[in-house]
Amino acid sequence: VMKAIIVGCGGIAQVHAKVLSFMPSVQLVGCADIRMERAQALAGQYGINAYTSLEEMLARESADVLHICTPHYLHVPMAVQGLQNHLHVFMEKPPAISAEQIKQLKEQLKLSCTQLGVCFQNRYNPSVQQVRHEIASGAMGKVLGARAFVTWKREEPYYTESGWRGTWETEGGGVLINQSIHTLDLLRYFLGEPDLVEGTVKNHHLKGIIQVEDTAEAYFRFGDIPVLFYATTAYCTDAPVLLEFACEKAVIRIENERVQYCYSDGRMEEKNLHFSSVSSGYGKDYWGNGHQACISDFYRCIESGEKAPISLEDASCTLKMMLGIYESSKQGKTVPLVDSLA
Ligand SMILES: NC(=O)c1ccc[n+]([C@@H]2O[C@H](COP(=O)([O-])OP(=O)(O)OC[C@H]3O[C@@H](n4cnc5c(N)ncnc54)[C@H](O)[C@@H]3O)[C@@H](O)[C@H]2O)c1
């Protein structure tokens, strides 16, 4: 049995704890939060020990895996601490908030014999898996272009009540690093490595309330494939994320579990691809229900000695796309992405 601990006992920690409680080969033994009442509440639910700091928890618990569910700016320093204590680390997105941080984490990982995995759980959505397979097999012909839209709603209290969202220092950005990094990750999960990006970030609806952007747009090139990206938290509701791949034989649209095929001969087809009932029900719909699939795949790899499925190397390519948009917006010009974080 592997022993797990969780740092950060807010919203997403609930999902991690619940998923772990369903895994027979894992025992959750402790959790930590600087807000003691949060650590105690989670600990009470699962009959585990509560701590007010990661340091204290690391000193008292002999664990195998550390789950990082804290604000963005703490992911790297806490992952480094976990690795230095010879733990495997499973970290929430984003993997870092800057190029310097990712470099620091890569250096620590080189010295460590434990593994690190990143939670980009939407990769496990059945709709994503199915379409990725269809495109990779060549069944749809070449990909000619792609577009992605994330149009969600986040209002003032979401930022002002969190204690860490809405500032460059602690969130590291807005809609791009937080909500839509999953969609950037999916674009490259389907299409491979991008060559360049030109993009902008803006704050349209929360001026004077947040320092960071509520809206981002970008034009990527993946080889000769143009990829258009738009994300905002200024909408009136959390609309399903739209991912569209225009292929030689069909235009394929993914919106959550719904996949629509518009074939070039005029035929239309629609599929609804859900997680099986055994694995559903852990997260909110718009997070996808992939946490269980993502977390159990990470543990499977640790147990079998395989490389972590979403490794730091892999996740840092997604980070490169994100940092590229911020950089392009700042400089007002196209930014090359090849080798930019090597
Ligand atoms: N994968 C997903 O779809 C998904 C969904 C939601 C959140 N997340 C990520 O999970 C992380 C947490 O998000 P959340 O919504 O749960 O935020 P949250 O604010 O609800 O929880 C964060 C918790 O960390 C605690 N914390 C802050 N500093 C700490 C420290 N030094 N030591 C210990 N605890 C500390 C806070 O007190 C808080 O309870 C973020 O990185 C977020 O991007 C991912």
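Worth knowing before you read on, the calculation uses all heavy atoms, side chains too, and leaves out hydrogens, waters and symmetry mates. All ligand and atom numbering here is 1-based and tracks the order in the structure. Note that the structure is a prediction, hence the values are computed from the model and not measured.
- Taking the six-membered ring where the residue is Trp, H182 and F120 present perpendicular rings, their angle passing 60° and hence far from 30°.
- Applying the side chain to side chain donor-acceptor pair (under 3.5 Å) test to residues at least two apart or on different chains, the pairs with a partner in residues 139-149 are R147-E244.
- Here's the thing with S162: none of its N/O atoms is less than 3.5 angstrom from an N/O atom of ligand 1.
- An N or O contact shorter than 3.5 Å is missing between P71 and ligand 1 by distance.
- Using a distance-only test at 3.5 Å, with no hydrogens or angles considered, no donor-acceptor pair links the side chain of S180 to the main chain of A231.
- For the pair L54 and ligand 1, no heavy-atom separation below 4.0 Å is found.
- Every N/O-N/O distance between R35 and ligand 1 stays at or above 3.5 Å.
- Ligand 1 has a nitrogen or oxygen under 3.5 angstrom from a nitrogen or oxygen of D33.
- Scanning for salt bridge (Lys or Arg N to Asp or Glu O under 4.0 Å) contacts around R38 gives an empty result, with sequence neighbours left out.
- Just one residue in the list I6, D64, I5 forms a side chain to side chain contact (heavy atoms under 4.5 Å, CB included) with V29, and that residue is I5.
- For atom 41 (O) of ligand 1, the candidate residues are E92, H75, H67, E55; the nearest heavy-atom contact is made by H75.
- Between G11 and ligand 1, at least one N/O pair is under 3.5 Å apart.
- One option in T70, L74, I6 has a heavy atom closer to atom 28 (N) of ligand 1 than any other, and that option is L74.
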